[in-house]
*Asks:* 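Encoded as structure tokens, here's the structure I'll be asking about.
All residue numbers in this chain count up from 1 along the given sequence. In this text the structure is predicted, and so the values were computed from the model without any measurement.
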Amino acid sequence: MGVKQVLKNLDAFPRAEDHLLQKTQSGAVVSIVGLFIMATLFLHELTYYISTYKVHEMAVDLKRGETLPIHINMSFPSLPCQVLSVDAIDMSGKHEVDLDTNIWKLRLSREGVIIGTEYLSDLVEKGHTSHKHENETDHHEGSDKKGHLDKFDDEAENMIKNVKQALASGEGCRVYGVLDVQRVAGNFHISVHGLNIFVAQMIFEGATHVNVSHVIHDLSFGPKYPGIHNPLDDTNRILHGASGTFKYYIKIVPTEYKYISKEVLPTNQFSVTEYFSPMNEYDRTWPAVYFLYDLSPITVTIKEERRSFLHFITRLCAVLGGTFALTGKPVTDVAFTTFSHNALTVGK
């Protein structure tokens with residue numbers, strides 16, 4: 001017995017003779033349908049192999065000495081930019097009033113069109129306008145104080161006039177930018193707290209007339225990664241004939257996103273709970289929009305991973321082989337029926 005004959009005996013898939021096979025129109029239709037199914041399944045498996053999936057891992061957050069970036073983009077349709085301020089305070093004792101680092105204010109018309117741009121630096125600049133030299137006498141100091149008060153009164157009157165005109169014309173304000181705060185629990189709020197209380201009283205004639213209606217276009221604590229969901233994006237809180245304080249209690253979860261290219265993107269996710277406190281004329285506080293945040297001690301790592309090529313080949317063989325076996329069965333049955341019919345005819 002030759003080597004070729006031995007190899008033929010090892011063939012587990014013997015082929016029928018050509019004269020025993022018969023091609024039919026129904027077989028052609030089945031073959032075309034089978035080829036279409038196999039092409040569809042192949043494209044599906046290829047897409048499934050090329051696409052990435054995400055793996056989530058959790059560990060204790062060990063970061064220290066880093067800052068927390070807060071991205072803000074909000075609109076206040078009922079408050080002019082002259083009266084709005086951004087204040088931030090954290091558990092470390094750091095308190096910043098009317099932050100001017102990377103924060104902008106855009107003046108908006110009643111229709112929402114931008115009519116001007118300002119920095120949040122009004123109070124900071126005013127805090128540095130009054131100073132004295134060492135060689136000045138007490139008389140000069142008294143004169144300077146009196147002149148400064150007169151100047152403050154003039155500025156206050158002009159501001160009151162301008163703000164009332166802006167309120168009458170329906171002017172609003174958009175606040176956007178980035179706050180870099182300490183990586184500890186704290187809060188930041190947007191309100192009229194930067195105003196002198198007497199000036200605020202003359203402008204609004206009471207805290208119940210301060211309308212802190214707002215639209216949160218975007219609020220995040222770091223760059224965005226694929227699939228992230230910030231629950232406060234596109235939030236509308238519009239008050240009609242009422243006033244009060246909005247408080248958003250935010251729980252921040254430190255997150256690292258690792259791309260398939262091994263690039264690491266540090267960012268944060270968060271969840272939020274909302275609370276509204278209506279204002280009445282006996283309250284001593286002024287309406288505001290508070291964001292009170294705290295950090296989770298657990299960090300989440302999200303990894304992009306791709307399926308192995310061996311896994312892809314295994315699934316491909318399974319679906320293509322199964323489809324071929326299913327669509328090839330009717331052809332085999334036809335051939336076997338034809339062979340049986342010819343055998344019976346010869347026997348007769």
Side-chain angles (χ1 to χ4, degrees), residues 44 47-63 66-77 86 88 90 99 102-104 106 112 172-190 212-239 244-277 288-307:
H44 176 269
T47 305
Y48 182 72
Y49 166 69
I50 294 176
S51 63
T52 59
Y53 66 97
K54 298 175 182 177
V55 178
H56 292 72
E57 298 178 353
M58 292 188 296
V60 177
D61 186 15
L62 301 177
K63 295 180 180 178
E66 297 184 4
T67 58
L68 178 68
I70 305 175
H71 300 262
I72 305 173
N73 190 353
M74 298 178 60
S75 293
F76 291 82
V86 180
D90 54 47
L99 296 172
N102 302 322
I103 297 293
W104 290 76
L106 302 179
C173 186
R174 186 166 185 166
V175 181
Y176 78 95
V178 181
L179 295 177
D180 289 320
V181 298
Q182 297 295 321
R183 198 177 179 82
V184 294
N187 77 81
F188 67 95
H189 54 277
I190 305 175
V212 291
S213 298
H214 58 279
V215 178
I216 303 176
H217 307 286
D218 175 45
L219 181 70
S220 57
F221 295 85
K224 296 183 179 180
Y225 61 84
I228 190 174
H229 173 67
N230 293 325
L232 285 178
D233 288 359
D234 300 321
T235 299
N236 291 268
R237 296 295 180 265
I238 306 300
L239 299 175
T245 296
F246 291 88
K247 292 184 179 181
Y248 297 96
Y249 296 91
I250 297 173
K251 192 70 172 182
I252 301 173
V253 181
T255 305
E256 285 187 348
Y257 191 88
K258 295 184 177 180
Y259 291 92
I260 195 70
S261 60
K262 305 303 180 182
E263 180 184 355
V264 179
L265 178 68
T267 183
N268 298 279
Q269 303 179 79
F270 70 94
S271 62
V272 62
T273 303
E274 181 181 350
Y275 178 73
F276 175 73
S277 176
V289 180
Y290 283 87
F291 298 90
L292 302 98
Y293 57 88
D294 193 8
L295 284 89
S296 170
I298 302 298
T299 182
V300 175
T301 302
I302 305 174
K303 297 180 181 179
E304 285 185 350
E305 294 190 0
R306 185 167 289 155
R307 298 161 185 88

*Asks:* Counting N and O atoms only, with roles assigned by atom type, does the side chain of Ser75 sit under 3.5 Å from a partner on the main chain of Pro77, one being a donor and the other an acceptor?
*Replies:* no

*Asks:* Give me the one residue out of Glu304, Lys224, Lys303 that meets side chain to side chain donor-acceptor pair (under 3.5 Å) with Tyr257.
*Replies:* Glu304

*Asks:* Just how far is it from atom CD1 of Ile252 to atom CG of Asp61, taken to the nearest 0.5 Å?
*Replies:* 11.5 Å

*Asks:* For Leu239 and Phe276, run side chain to side chain contact (heavy atoms under 4.5 Å, CB included): C-alpha distance rounded to whole Å, both residues' side-chain angles, the deciding distance at 0.1 Å, then the answer.
*Replies:* CA-CA 11 Å; Leu239 299 175; Phe276 175 73; 4.0 Å; yes

*Asks:* Answer yes or no: is there a side-chain heavy-atom contact under 4.5 Å between Cys173 and Met74?
*Replies:* no

*Asks:* For Tyr275, look at atom OH and say whether over 12 heavy atoms of other residues, nucleotides or ligands are found less than 6.0 Å away.
*Replies:* no

*Asks:* Which atom pair, heavy atoms only, marks the closest approach of Pro226 to Lys54?
*Replies:* O-NZ, 2.7 Å

*Asks:* Yes or no on side chain to side chain contact (heavy atoms under 4.5 Å, CB included) for His189 and Val212, after CA distance, side-chain angles and deciding distance?
*Replies:* CA-CA 11 Å; His189 54 277; Val212 291; over 6 Å; no

*Asks:* Can you tell which of Thr235, Asn230, Ile250, Asn73 makes a side-chain contact (heavy atoms from CB on, under 4.5 Å) with Leu219?
*Replies:* Ile250

*Asks:* For Tyr49, give me all partners under ring-ring contact (aromatic ring centres under 6.0 Å, His included), at least two apart in sequence or on another chain.
*Replies:* Phe312

*Asks:* Does anything in residues 290-302 pair up under salt bridge (Lys or Arg N to Asp or Glu O under 4.0 Å), and if so which pairs, sequence neighbours excluded?
*Replies:* Lys251-Asp294

*Asks:* What's the shortest heavy-atom distance between Leu232 and Phe291, and which atoms?
*Replies:* CD1-CE2, 4.1 Å

*Asks:* Write down the atom of Tyr293, the atom of Val184, and the distance for their closest heavy-atom approach.
*Replies:* CE1-O, 3.2 Å

*Asks:* As a quick check of understanding, evaluate side chain to side chain contact (heavy atoms under 4.5 Å, CB included) for Thr299 and Leu62, giving each step before the final call.
*Replies:* CA-CA 9 Å; Thr299 182; Leu62 301 177; over 6 Å; no

*Asks:* Are any side-chain N or O atoms of Arg307 and backbone N or O atoms of Ser51, one a donor and one an acceptor, separated by less than 3.5 Å?
*Replies:* yes

*Asks:* For the residue pair His214 and Tyr248, categorise the inter-ring angle as parallel (less than 30°), tilted (30 to 60°) or perpendicular (more than 60°).
*Replies:* perpendicular

*Asks:* Show me, pair by pair, the donor-acceptor contacts under 3.5 angstrom made by side chains of residues 258-269, not counting sequence neighbours?
*Replies:*
| unit_1 | atom_1 | unit_2 | atom_2 | d |
| --- | --- | --- | --- | --- |
| Thr267 | OG1 | Pro223 | O | 2.6 |
| Asn268 | ND2 | Phe221 | O | 2.6 |
| Gln269 | OE1 | Tyr225 | OH | 3.1 |
| Gln269 | NE2 | Thr255 | OG1 | 3.1 |

*Asks:* Do Ile298 and Val253 make a side-chain contact, defined as non-hydrogen atoms from C-beta onward lying under 4.5 Å apart?
*Replies:* no

*Asks:* Quick one: CD1 on Ile216 to CZ on Arg237, what's the gap to the nearest 0.5 Å?
*Replies:* 7.5 Å

*Asks:* With side chains defined as the heavy atoms from C-beta onward, is the minimum distance between Phe76 and Ile190 less than 4.5 Å?
*Replies:* yes

*Asks:* Rounded to the nearest 0.5 Å, how far apart are CD1 of Ile103 and OH of Tyr176?
*Replies:* 9.5 Å

